[in-house]
Structure formats: structure tokens, C-alpha cells
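Any value given below was found using the heavy atoms of this structure, including those in side chains, with hydrogens, waters and symmetry copies removed. Just so we're on the same page: letters track the sequence lines, and every chain starts at 1.
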Amino acid sequence: MLIGARLIREGVDGVRAGKIVEVEAYIGVDDGASHARFGRTKRNARMFGPPGNAYVYLVYGMYHCLNVVTDSEDRPAALLVRSVQPLEGADLMRRARTELVELRSGRDIARTARARQRVIALPDAALASGPGLVCAAFSIDRHDDGVDLCDPASPLRLEAAPRGEAPPDLAWGPRIGIGYAVEPWRSRPWRVWAVGNGSVSGKAASR
DNA sequence: GCAAAGATTTGCT
DNA sequence: GCAAATCTTTGCC
């Protein structure tokens, strides 16, 4: 179970850590919503790799998404990490988010200033509440594609929740942003989140 | 070789 | 509530 596990980024600036509170599953070449539905390509090659590796890709030209490969080689399956609840290094996450803002706002100085101010004012819980935001907050991009997230020596890695920590109550529903997929894949309830957690992305907070 | 759309987020109408 | 920003990948000519 990935929900409740820790996502950790160690850098020269310090450590960022958070609890995973929302994921989506993309399973097999049959899944009409998965990148693997067209078979193996240059972009999705990591989905066909060994489990525990990261599959990172760029969407909409500006946001990265982090996936954890979950099945054995040649069986493409992955969990998209949609939301993380910050536990440590929130200041570093906020700074990383600010850098993304400047990239996105272009050279409109006034707009950039407003956007940066808005990021600075964000509560910690909102720093990684979305798949693109997780990668922004943890400075994840495609050079992290293929890293072994289960290697304790990796600067970007996963760790199990501490022993004794109560597992969160879970809810599930249809995946987000896959309206292009046909049934039954579009409605398959393969998005799972921690009930009532303030870091779950947007509309997903329901129930 | 070119057009179209995407596992998103933000800001304006 | 809708469109923009932006670029990689897919799909068709």
C-alpha cells in the first residue's frame, strides 16, 4: 500500500519529506487510460521496467508526473502519485514551487510577483496537492525517470510509514483527467485517497 | 513531415 | 466556467 508511505527528497539544501495521500492506478496494456495502451514507446518504457522504479513524464508541456512502477518487467503497471502531505522541509517545497511560478508566468513582472506571493501564502497542506504540484514541490523532473525509489541510498526514495502509525481510512473513485478513455476504463474506481486529509487534490477531497 | 491532443494548473471572463 | 501556457508523443498524410 503506497498511501501513507513517505516520499523523500534529499538535496544539498536539506531534506523534503511527505506522506502520500492520493494515488491512481494504471494497469496493463488493456487499460484504455494508460500510457501503455499503445504498447512500449520511448516515453513509457519505464512502465515496462522493474517494480519500484520511478516513471516520470511531462504533461501539457510544463508539468511533470511521478509514477511508481508496480509490476514485473514487461507488465506495464504504475501508480501515479497525485498528492503528498508535507511533513518536513515545507520551506524548501515552497521555494521550489516559486521557481515553477516564475517559469510559468513568463516575463510579466506584475503577474509573476502576484503569483509568487500567492505561493508564499499557501498553507503547508497545499504545497503538493496535485500530481504536477508534487513534482514541483519535490523538484522531480525527467532526470529522475528510472531511479530506484526503493534504494535507501537514493536521494529520491520511498519509505514505509513508521511502525505503529494508524493506516488512514481510504476512499476510492474514478480517475481524474482521463475523459478520452472508453468504458469501462473511464469509470473504473482506481483513484484512492486518504479520507479527510487536507492535502488531497482539488475536487478529490470529497467523501 | 505536420497537425492534434494530453494522467495539469492557473487566471480571467 | 473556460481558455491559455507549452512541448512531447501519437497518428495520419
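For the atom pair CH2 of Trp190(A) and CG of Asp31(A), the computed distance is 5.0 Å after rounding to the nearest 0.5 Å. Note that NE2 of His143(A) is 11.0 Å distant from CG of Asp145(A), once rounded to the nearest 0.5 Å.
Here the side chain of Tyr63(A) is nearest to one of dA7(B), dC7(C), dT10(B), namely dT10(B). Candidate nucleotides dT8(B), dA7(B), dG11(B) were compared by shortest atom distance to the side chain of Ala115(A), and dG11(B) ranks first. Of the candidates dT10(B), dC12(B), dG11(B), dC12(B) carries the atom nearest the Arg114(A) side chain, counting heavy atoms from C-beta on.
An OP1 or OP2 oxygen of dT10(B) is reached within less than 4.0 angstrom by a side-chain nitrogen or oxygen of Arg97(A). Put simply, Arg118(A) has a side-chain N or O that comes within less than 4.0 Å of OP1 or OP2 on dG11(B). Residue Tyr180(A) has a polar side-chain atom (N or O) positioned under 4.0 Å from OP1 or OP2 of dA7(B). A sub-4.0 Å separation between OP1 or OP2 of dT8(B) and a side-chain N or O of Arg82(A) is present.
Of the C1' atoms belonging to dA7(B) and dG1(C), the separation is 22 Å, rounded to the nearest Å. Nucleotides dC2(B) and dT6(C) place their P atoms 22 Å apart, quoted to the nearest Å.
Between the CD1 atom of Ile178(A) and the P atom of dG6(B) there is a distance of 12 Å, rounded to whole Å. Taking atom CD1 of residue Ile176(A) and atom P of nucleotide dG6(B), one finds them 15 Å apart after rounding to whole Å. Rounded to an integer number of Å, the gap from CZ of Arg116(A) to C1' of dG11(B) is 17 Å. Atom OH in Tyr60(A) sits roughly 13 Å away from atom C1' in dA4(B) (whole-Å rounding). Distance CD (Glu99(A)) to C1' (dT9(B)): 18 Å, rounded to an integer number of Å. Atom pair Leu100(A):CG and dT10(B):P shows a separation of 8 Å (rounding to whole Å applied). The NE2 atom of His64(A) sits 14 Å away from the P atom of dT8(B) (whole-angstrom rounding). When rounded to the nearest whole Å, the span between CG of Leu58(A) and P of dT8(C) equals 7 Å.
Contacts between residues 120-144 of chain A and DNA chain B, counted as heavy-atom distances below 4.0 Å, involve Gly130(A), Pro131(A), Gly132(A), Leu133(A). Remark: Phe38(A), Thr41(A) in residues 25-41 of chain A come within less than 4.0 Å of DNA chain C through at least one heavy atom.
With sequence neighbours excluded, no residue satisfies salt bridge (Lys or Arg N to Asp or Glu O under 4.0 Å) with Glu88(A). Listed by chain and residue number, nothing satisfies the side-chain hydrogen bond (donor to acceptor under 3.5 Å, both in side chains) test with His64(A) (two or more places apart in sequence, or in another chain). Not a single ring pair (Phe, Tyr, Trp, His ring centres under 6.0 Å) links Phe48(A) to another residue, sequence neighbours left out. Under the ring pair (Phe, Tyr, Trp, His ring centres under 6.0 Å) criterion, Tyr26(A) pairs with no residue, sequence neighbours left out. Qualifying side-chain hydrogen bond (donor to acceptor under 3.5 Å, both in side chains) partners for Gln117(A), counting only residues two or more places apart in sequence or in other chains: none. Residues that satisfy the salt bridge (Lys or Arg N to Asp or Glu O under 4.0 Å) test with Arg16(A), not counting sequence neighbours, are absent from this structure. By the side-chain hydrogen bond (donor to acceptor under 3.5 Å, both in side chains) test, Ser154(A) pairs with no residue at all, sequence neighbours left out.
Within the structure, every pair that satisfies the salt bridge (charged side-chain N to carboxylate O under 4.0 Å, His left out) test and touches residues 53-77 of chain A, not counting sequence neighbours, is listed here: Arg40(A)-Asp74(A), Asp71(A)-Arg75(A).
Residue-to-nucleotide contacts include a donor-acceptor pair under 3.5 Å from the side chain of Tyr57(A) to the base of dA7(B).
For DNA chain C, the stems formed by at least three consecutive Watson-Crick or G-U pairs, with both atom-pair distances below 3.5 Å, span B:1-6 with C:7-12, B:8-12 with C:1-5.
Residue Leu133(A) belongs to no hydrophobic cluster, having no ILVMFWY side-chain heavy atom closer than 4.5 Å to its own.
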Q.
Please evaluate residues Arg157(A) and Asp151(A) with respect to the criterion side chain to side chain contact (heavy atoms under 4.5 Å, CB included), reporting the C-alpha separation (whole Å), side-chain torsions for both, the decisive distance (0.1 Å), and the verdict.
A. CA-CA 7 Å; Arg157(A) 65 179 185 274; Asp151(A) 180 357; over 6 Å; no
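Side-chain contact annotation: Ser199(A) with Gln85(A), donor-acceptor N/O pair under 3.5 Å absent.
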